[in-house]
Protein chains: 2
Amino acid sequence: MEVRPEDRGEGPVRDRDTVLGKALAILRAFGPADSVLPLAELVRRTDLPKGTVHRVAGDLVRHRLLDKTAHGYRLSGGLFELGLRAAAERTLLELAMPFLQDLYERTHETVHLGVREGHEVVYIAKIGGHRQARAPSRTGGRMPMHCTALGKVLLAHAGEQEWTAVLTGPLERRTPRTVIAPGLLRGQLTRAVETGVAYEVEESTPGLLCVAAPVLAPDGRTAVAAISVTGPVGRFRPESHANAVRAAAAALGSTLARRGH
Amino acid sequence: MEVRPEDRGEGPVRDRDTVLGKALAILRAFGPADSVLPLAELVRRTDLPKGTVHRVAGDLVRHRLLDKTAHGYRLSGGLFELGLRAAAERTLLELAMPFLQDLYERTHETVHLGVREGHEVVYIAKIGGHRQARAPSRTGGRMPMHCTALGKVLLAHAGEQEWTAVLTGPLERRTPRTVIAPGLLRGQLTRAVETGVAYEVEESTPGLLCVAAPVLAPDGRTAVAAISVTGPVGRFRPESHANAVRAAAAALGSTLARRGH
DNA sequence: CGGTTGCGTTCCACTCAGCGGTACGCTCTT
DNA sequence: AAGAGCGTACCGCTGAGTGGAACGCAACCG
């Protein structure tokens with residue numbers, strides 16, 4: 001009975017002892033920015049024996065979850081297909097698309113659809129045109145809640161328990177304007193509930209502004225998703241789009257209530 | 001050394017003997033239409049012992065690939081996130097979005113982005129507004145090549161070898177107007193290469209028309225993707241959008257050539 | 001150029017994770 | 001009450017999975 005270093009009782013599942021755990025560790029070793037990773041890099045990131053990574057990665061290739069290129073491994077199209085079968089986010093995406101489309105056409109700025117997952121925002125969709133602001137968000141990617149409009153509005157409608165959980169946790173400073181004072185943030189959340197929109201002013205990325213509105217569940221309290229419009233400092237005036245975003249989010253909310261629930 | 005029934009040398013990987021194989025079998029048991037499947041249904045579809053499915057599914061839940069609800073299992077958001085990290089389709093999607101957006105705005109009809117995978121089309125993106133035609137296509141879904149505009153144009157630029165492979169294979173009749181005569185189809189492919197667009201006239205779904213154009217690789221011969229516009233019989237005139245689709249696809253093609261390649 | 005470093009790949013004997021048949025308890029029908 | 005169909009729990013056997021070690025190959029370098 002030896003003591004394993006990972007027995008710190010932390011985090012989600014850090015299961016290096018099952019085949020599945022190893023496989024997932026390898027797949028998740030790919031960050032949002034990585035495209036191909038050589039075997040050695042996978043070994044470094046997963047902290048698994050070289051031989052093991054080699055074999056499991058080989059199996060993953062056989063199962064169409066990885067592609068093997070001359071320069072290393074790459075997440076494969078099979079994974080893309082599989083991921084887009086995820087029921088919840090997919091129906092949300094499909095039902096939301098028309099509303100996002102309208103919103104884009106009205107604003108011609110980058111439009112986001114996101115949901116809360118744990119203490120972060122996950123982007124379900126991102127649509128934009130040629131002159132879109134260069135936002136760090138990516139479809140399927142994550143961002144902290146406290147420094148994005150989408151995150152703030154989702155948190156605002158997530159219940160008191162979430163508020164304190166996030167506000168007492170560490171609030172990473174992303175830019176000089178990131179709000180990391182819990183009291184200030186709490187005030188913003190309260191306003192978001194009152195006004196039905198949240199703003200972001202260069203809090204996650206310099207030069208970016210954002211408005212977001214919640215897509216509320218039938219109960220009218222909890223948010224199942226949120227919609228936002230993002231634009232660059234200068235031409236973009238968030239306030240002038242508040243109504244459009246609010247309307248889109250509300251419309252999507254009642255569509256969800258009517259259909260899939 | 002016993003003979004296993006699956007040793008027929010057929011198909012991709014039908015590996016029920018490794019943990020990974022079982023896990024994938026369970027995940028892939030979810031069809032595009034399914035949202036939640038009860039344990040028993042998974043047992044039926046995967047043809048695995050009940051105890052095994054129960055355990056593996058439990059592991060998958062632990063790893064955030066499945067969600068467990070009161071009524072059964074469901075593909076989880078973790079899978080969605082993972083899938084959207086697939087490098088190839090993701091960068092394609094991101095670079096294409098502005099062009100698809102433009103195309104939608106010009107036409108206000110359903111716009112598709114697809115790639116060829118094996119002998120089928122995989123949809124990378126589908127965008128449409130409120131009055132979009134009810135097409136069976138879904139993001140991440142598949143369709144045969146011979147009965148869709150997207151498929152035909154992708155096949156047309158896939159090389160002689162693919163042509164014969166598809167044309168000699170079985171051509172499923174989806175609607176009364178599906179073209180299943182190899183000779184006729186070959187003619188359409190030839191024309192697609194000459195004109196730079198392919199059409200579909202209620203060949204996959206009654207009431208639907210479609211135009212598609214290829215996104216060509218720098219070599220100008222092979223297609224890396226294709227873009228299409230779909231609309232309902234009646235108001236929709238495919239020919240009138242041919243130029244717009246062709247232009248969008250060409251523009252995306254040169255963008256791809258310039259950037260990521 | 002030998003030497004070194006880092007890579008991908010292959011091999012193989014041990015062992016415990018995974019296996020799946022069996023059995024149980026529950027909720028609906030009939 | 002009996003039956004059908006479901007999800008869950010148990011447990012002894014075993015071969016799939018393991019990972020340390022060794023190999024061949026480029027690149028880099030003093």
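Only a predicted model underlies this, so the values are computations on that prediction, with no experimental measurement involved. Per chain, numbering begins at 1; letters A, B, ... match sequence-line order.
- Atom CD of A:E160 sits in a crowded spot, with more than 12 heavy atoms from other residues, nucleotides or ligands closer than 6.0 Å.
- For B:H54, no side-chain nitrogen or oxygen approaches OP1 or OP2 of D:dG7 to under 4.0 Å.
- Protein atom CD of A:E41 is 14 Å distant from nucleotide atom P of C:dG6, rounded to whole Å.
- For the pair A:R55 CZ and C:dT10 P, the interatomic distance rounds to 13 Å; values are reported in whole Å.
- Take the nearest nucleotide of DNA chain C for A:G72 and for A:T18: the residue whose nucleotide is more 5' is A:G72.
- One interatomic measurement links the two molecules: CG of B:D17 to C1' of C:dG20, which rounds to 13 Å at whole-angstrom precision.
- Where A:H71 and A:V19 meet DNA chain C, the nucleotide closest to each residue was compared, and A:H71 sits on the side nearer the 5' end.
- Rounded to an integer number of Å, the gap from NZ of A:K50 to P of C:dC11 is 16 Å.
- Within a 6.0 Å radius of CG in B:D47, other residues, nucleotides and ligands contribute 12 heavy atoms or fewer.
- Other residues, nucleotides and ligands place no more than 12 heavy atoms under 6.0 Å from the CZ atom of A:R221.
- Using a 4.0 Å cut-off, some side-chain N or O of B:T52 falls inside it from OP1 or OP2 of C:dG20.
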Chi angles and distances behind the salt bridge (Lys or Arg N to Asp or Glu O under 4.0 Å) call for B:K22, B:D59: CA-CA 11 Å; B:K22 290 177 227 274; B:D59 290 349; over 6 Å; no
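- Of the candidates D:dT18, C:dT9, C:dG20, C:dG20 carries the atom nearest the B:K22 side chain, counting heavy atoms from C-beta on.
- Between the CG atom of A:D47 and the P atom of D:dG19 there is a distance of 11 Å, given to the nearest Å.
- Remark: P of D:dA26 and CG of A:L39 are 17 Å apart, rounded to the nearest angstrom.
- Closest to the side chain of A:A40, out of C:dC7, C:dG20, D:dT18, is C:dC7.
- Going from atom CG of B:L48 over to atom P of C:dG18 covers 15 Å, rounded to whole Å.
- Here the side chain of B:R74 pairs no donor or acceptor atom with the backbone of B:V36 at under 3.5 angstrom.
- Atom CZ in A:R44 sits roughly 9 Å away from atom P in C:dG6 (whole-Å rounding).
- Distance from the side chain of A:V56 is smallest for D:dT18 among the nucleotides D:dT18, D:dA22, D:dG7.
- When distances are taken from the side chain of A:P49 to each of C:dG20, C:dA23, D:dG19, the shortest belongs to D:dG19.
- Listed pair A:K68 / C:dG8 fails the phosphate criterion, with no side-chain N or O lying under 4.0 Å from OP1 or OP2.
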